[in-house]
Amino acid sequence: MPFKTKAIEQYAKEIAADEKSHVTFLRTALGSAAVSRPSIDIGASFTAAAVAAGLIKDGEPFDVYENEDNFLLGAFIFEDVGVTAYKGAAPLIDNKTYLDAAAGILAVEAYHAGIIRTSLYSKELQAPALAISDARDSLDGPDDLDQGIGTTKEANHVPTDKNGLAFGRTPGQFRNIVYLNPKPVRSGGFFPNGVNGELNGSGELAPQPGGSVPSGAPGTGIEGTNTSGPDLGLIGLGGGAALAGGAALALGHKMGTETATETTTAQPE
């Protein structure tokens with residue numbers, strides 16, 4: 001990634017380190033409920049997302065590692081979704097220990113999203129950011145809750161409602177976005193084979209066994225057939241969205257298995 005701005009390079013490195021720490025922490029917390037990382041597509045999927053947002057035309061490529069603008073826009077696709085996924089999952093967690101852990105990660109994801117939104121604004125990328133926001137809204141249902149970063153005259157670094165509160169997304173809505181499909185499906189987009197674990201459907205689909213063939217080394221969640229830049233690059237771009245949506249649910253679901261003696265597991269990332 002050819003960074004030109006020292007601050008943005010430092011942001012990316014710090015966010016990457018945070019997300020990798022989240023993976024390690026969550027796999028430890030989930031214990032036997034943790035599963036291997038599913039197969040991830042960070043090439044064609046970013047292009048598909050850019051086409052859906054109208055940033056490029058069909059048939060054109062969108063390389064998130066080509067320049068800082070693309071990198072930040074790619075991060076914007078994910079980071080806001082990570083925050084809303086944890087917010088939406090909070091009501092599902094009534095174990096104080098797990099809730100405290102989820103709240104801690106939510107706070108970090110919010111810091112990350114704020115950094116990305118501020119960086120985009122400083123580079124005057126309000127228009128493409130709004131296009132991405134609209135694309136996310138078109139994927140997660142009829143409500144118009146997602147927000148861009150403002151206009152040249154007025155910033156919107158913190159997306160809130162009239163009460164100053166952030167909105168949340170349901171587990172199904174989170175997967176609608178990462179699957180790049182507004183319909184109830186179990187795979188697509190950034191996870192072409194779906195996600196591991198039984199909580200794998202978008203929309204209102206019920207839990208179902210299945211999901212991606214494991215591609216990560218057991219116990220790590222980040223190693224795969226390619227352990228070079230792209231794997232860590234996804235984390236740095238805001239792989240926290242995938243991490244957040246699954247992890248928050250997994251924490252809550254694990255709590256449920258302990259109280260209801262179920263055996264279903266969920267993806268931690």
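Note that this is a predicted model, so its numbers are computed, not measured.
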Decide yes or no for Asp146 and Ser133: does some side-chain heavy atom of the first lie under 4.5 Å from some side-chain heavy atom of the second? yes
Apply the test side chain to side chain contact (heavy atoms under 4.5 Å, CB included) to residues Ile105 and Leu26: give CA-CA distance (whole Å), side-chain angles for both, the deciding distance (0.1 Å), then the verdict. CA-CA 10 Å; Ile105 297 179; Leu26 286 163; 4.0 Å; yes
Is it true that a side-chain atom of Arg175 and a backbone atom of Gly201 form a donor plus acceptor pair closer than 3.5 Å? yes
Any chain of hydrophobic side-chain contacts (each under 4.5 Å) joining Tyr98 to Val108? no
Nearest 0.5 angstrom please: Leu92 CG to Leu99 CG, how far? 10.5 Å
Can you find a pair of side-chain heavy atoms, one from Asp80 and one from Arg117, that are under 4.5 Å apart? yes
Are more than 12 heavy atoms from other residues, nucleotides or ligands located less than 6.0 Å from atom CD of Gln10? yes
Does any non-hydrogen side-chain atom of Asn196 lie less than 4.5 Å from one of Phe191? no
Side-chain (Tyr179) to main-chain (Arg186) donor-acceptor, under 3.5 angstrom: yes
Whether Asn70 side chain and Phe62 backbone form a donor-acceptor pair below 3.5 Å: no
Within the supplied structure, the quantity of interest is the number of heavy atoms (other residues, nucleotides, ligands) at a distance under 6.0 Å from Tyr11 OH; does it exceed 12? no
With a cut-off of 6.0 Å (strictly less than), are more than 12 heavy atoms of other residues, nucleotides or ligands near OH of Tyr111? no
Where do Gln208 and Asn200 come nearest, in terms of heavy atoms and distance? O-ND2, 2.9 Å
Which heavy atom of Ala129 sits nearest a heavy atom of Leu120, and at what distance? CB-CD1, 4.4 Å
Taken to the nearest 0.5 Å, the spacing of His22 NE2 from Thr24 OG1 works out to 10.5 Å
I need the minimum non-hydrogen distance between Phe3 and Ala12, along with the two atoms involved. CZ-CB, 3.6 Å
Look at the side-chain heavy atoms of Ile, Leu, Val, Met, Phe, Trp and Tyr, link any pair under 4.5 Å apart, and say whether Leu106 and Phe167 land in one connected group. no
Answer whether the closest heavy-atom distance between the side chains of Asp41 and Phe190 falls below 4.5 Å. no
Distance-only, no hydrogens or angles: does the Ser202 side chain make a donor-acceptor pair with backbone N or O of Val185 under 3.5 Å? yes
Once rounded to the nearest 0.5 Å, what's the spacing between atom OG of Ser187 and atom CG of Asn193? 7.0 Å
Ala53 versus Ala131, closest heavy-atom pair with distance: O-CB, 3.3 Å
Are a donor atom and an acceptor atom from the side chains of Gln126 and Thr152 found within less than 3.5 Å of each other? no
Indicate yes or no for a side-chain donor-acceptor contact from Glu109 to the backbone of Tyr86 under 3.5 Å, with no hydrogens or angles considered. no
Non-hydrogen atoms of Met1 and Val64 that approach each other most closely: SD-O, 4.2 Å
Would you check if Ile56 and Thr47 make a side-chain contact, meaning some heavy-atom pair closer than 4.5 Å? yes
Taking side chain as C-beta onward, heavy atoms only, is Ile77 less than 4.5 Å from Ile132? yes
For Phe78 and Val178: C-alpha separation, side-chain torsions, deciding distance, then whether side chain to side chain contact (heavy atoms under 4.5 Å, CB included) applies. CA-CA 8 Å; Phe78 275 136; Val178 297; 4.1 Å; yes
For residues Leu130 and Leu73: do they belong to one hydrophobic cluster (side chain heavy atoms under 4.5 Å, members Ile, Leu, Val, Met, Phe, Trp, Tyr)? no
Are any non-hydrogen side-chain atoms of Ser119 and Lys123 less than 4.5 angstrom apart? no
Scan residues 122-155 for pairs that pass ring pair (Phe, Tyr, Trp, His ring centres under 6.0 Å), counting only residues two or more places apart or in two chains. none
For Ile115 and Glu79: C-alpha separation, side-chain torsions, deciding distance, then whether side chain to side chain contact (heavy atoms under 4.5 Å, CB included) applies. CA-CA 10 Å; Ile115 288 173; Glu79 284 294 355; over 6 Å; no
Applying the side chain to side chain donor-acceptor pair (under 3.5 Å) criterion to Thr84, which one of Gln173, Arg169, Arg136 satisfies it? Arg169
State the CG-CG distance between Asp161 and Leu145, to the nearest 0.5 angstrom. 9.0 Å
Using only atom types and a distance under 3.5 Å, with no angle test, would you say the side chain of Thr5 pairs donor to acceptor with the backbone of Ala7? no
What distance separates Thr160 OG1 from Leu165 CG, expressed to the nearest 0.5 Å? 7.5 Å
Output the distance between atom CD (Glu124) and atom CG (Asp69), rounded to the nearest 0.5 Å. 10.5 Å
Looking only at the side chains, is there a donor atom on one of Glu19 and His112 sitting less than 3.5 Å from an acceptor on the other? yes
Closest non-hydrogen atoms of Ala48 and Leu180, given as atom of the first, atom of the second and distance, are CB-CD1, 3.9 Å
Could you label the plane-to-plane angle of the Tyr65 and Phe71 rings as parallel, tilted or perpendicular, counting under 30° as parallel and over 60° as perpendicular? tilted
Phe76 vs Leu72 side-chain heavy atoms within contact, under 4.5 Å: no
